[in-house]
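Each ligand, and each atom within it, is numbered from 1 in the order the structure gives. Along the sequence shown, residues carry numbers from 1.
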Amino acid sequence: MAGRVFITGDKHGTFIPLFGLVKKFELRDTDILIIAGDAGYVWEENYNYTIDSLQQIFPGTIAFIDGNHENHTLLNDLKISQWNSGKVHQVGERVYHLMRGEVYSIYGNNFFAFGGARSVDKDRREEGISWWKEEEPTPDEIEYGKNQLIKYSKEIDYIITHETPLFARGYISRMKEIDEGYNLPALLDSWYKTVINAPRLKKWYFGHMHVDKLITPKLRGVYNDFLLAGDEKPIPWA
Ligand SMILES: [Fe+2]
């Protein structure tokens, strides 16, 4: 039996929703959970203990894109390896960081990943302690992501980003303001136009906004919900 792919949003280092999911839903070791950024499990220097606990709770594989609230220094120090045809940082035996602009072929579906965003609260955070400038994709990473998206547009089934296309913010009450000079949300609008009618695209999931909301038939915010990829009905976990 092919494994299943679940999608969820920002977890900020908490295990509680995972405990709930494991308690209420029969999970298998072939299951893959994708977190749309701000997973927050790689934060403290001794994050290995956190990852060990994560692997004890969840029987399958956890694959997260980076959000803004991650320890990017620790993530970027990890060895790069291959997982399902794309580059990853291997965080644990069954935990991976999906890198910006990579495409992963998972159980017959292709997932395009693009993490990163600008923290709205960065003025209240301390560099290297609770904020890292690498949270924001560089122009090179954006260029790579755009090229990958164009190259694989006919083959992509799912898109996972942490940041939200700009137009979607009009449907979300939280964090409507965008810093001057921060153009990733506007760029994602153009990416959206590029791929939204692509033949295989089923859904684009984004985190960051802390909303579980369908914005357009193919664009969905994820936060607390756990969804089977492509499925609209959340799995009850609380
Ligand atoms: Fe975020």
Side-chain angles (χ1 to χ4, degrees), residues 6-18 33-44 47 50 54 62-76 89 91 95-102 111-138 141-142 145 158-189 191-192 203-215 219-227:
F6 300 88
I7 315 282
T8 193
D10 306 27
K11 290 292 159 278
H12 295 287
T14 180
F15 294 148
I16 294 166
L18 291 177
L33 174 65
I34 294 181
I35 303 174
D38 284 1
Y41 298 119
V42 178
W43 187 261
E44 307 285 349
Y47 67 91
T50 307
L54 203 55
I62 292 184
F64 63 89
I65 61 167
D66 51 285
N68 43 316
H69 294 151
E70 320 278 3
N71 186 327
H72 292 275
T73 300
L74 293 177
L75 281 180
N76 292 334
H89 285 123
V91 181
V95 180
Y96 300 96
H97 166 229
L98 308 180
M99 297 176 71
R100 297 171 183 172
E102 293 298 305
F111 290 74
F112 171 83
F114 199 83
R118 185 180 287 189
S119 293
V120 288
D121 58 354
K122 69 177 185 159
D123 294 343
R124 298 193 297 276
R125 288 171 174 263
E126 197 178 335
E127 183 161 8
I129 305 290
S130 54
W131 178 80
W132 291 263
K133 65 177 182 313
E134 294 82 6
E135 65 173 13
E136 212 172 312
T138 64
E141 288 169 341
I142 289 170
Y158 296 101
I159 293 175
I160 317 286
T161 61
H162 188 61
E163 188 51 276
T164 318
L166 184 60
F167 81 90
R169 291 185 178 231
Y171 300 87
I172 299 163
S173 56
R174 188 174 182 262
M175 294 196 293
K176 277 187 190 166
E177 283 168 31
I178 305 267
D179 284 1
E180 211 174 304
Y182 177 52
N183 59 1
L184 183 59
L187 285 170
L188 294 186
D189 273 4
W191 289 14
Y192 180 87
K203 213 68 122 193
W204 175 332
Y205 298 99
F206 64 86
H208 196 41
M209 293 290 140
H210 294 191
V211 291
D212 286 297
K213 188 172 184 175
L214 194 65
I215 306 293
L219 181 66
R220 195 191 198 281
V222 279
Y223 182 35
N224 290 315
D225 283 353
F226 288 90
L227 299 154

Hey, is there an N, O or S on [X] sitting under 2.8 Å from the Fe ion (ligand 1)?
{"X": "S119", "result": "no"}
{"X": "H69", "result": "no"}
{"X": "D38", "result": "yes"}

Q.
Check for me whether the distance between the ring centres of H97 and H72 falls short of 6.0 Å.
A.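 No - the distance between ring centres of H97 and H72 does not fall below the 6.0 Å cut-off.
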Q: Considering just N/O/S atoms, say which atom of H208 is closest to the Fe ion (ligand 1).
A: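 Looking at H208, the N, O or S atom with the least distance to the Fe ion (ligand 1) is ND1.
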(Q) When you compare the side chains of D10 and H210, does any donor N or O come within less than 3.5 Å of an acceptor on the partner? (A)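 Distance-only check passes for D10 and H210.
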Q: Indicate whether any N or O donor in one side chain lies under 3.5 Å from an N or O acceptor in the other, for S119 and E135.
A: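 There is such a pair between these side chains.
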Q) Are D225 and T8 close enough that some pair of their side-chain heavy atoms sits under 4.5 Å apart? A)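 They are not in side-chain contact.
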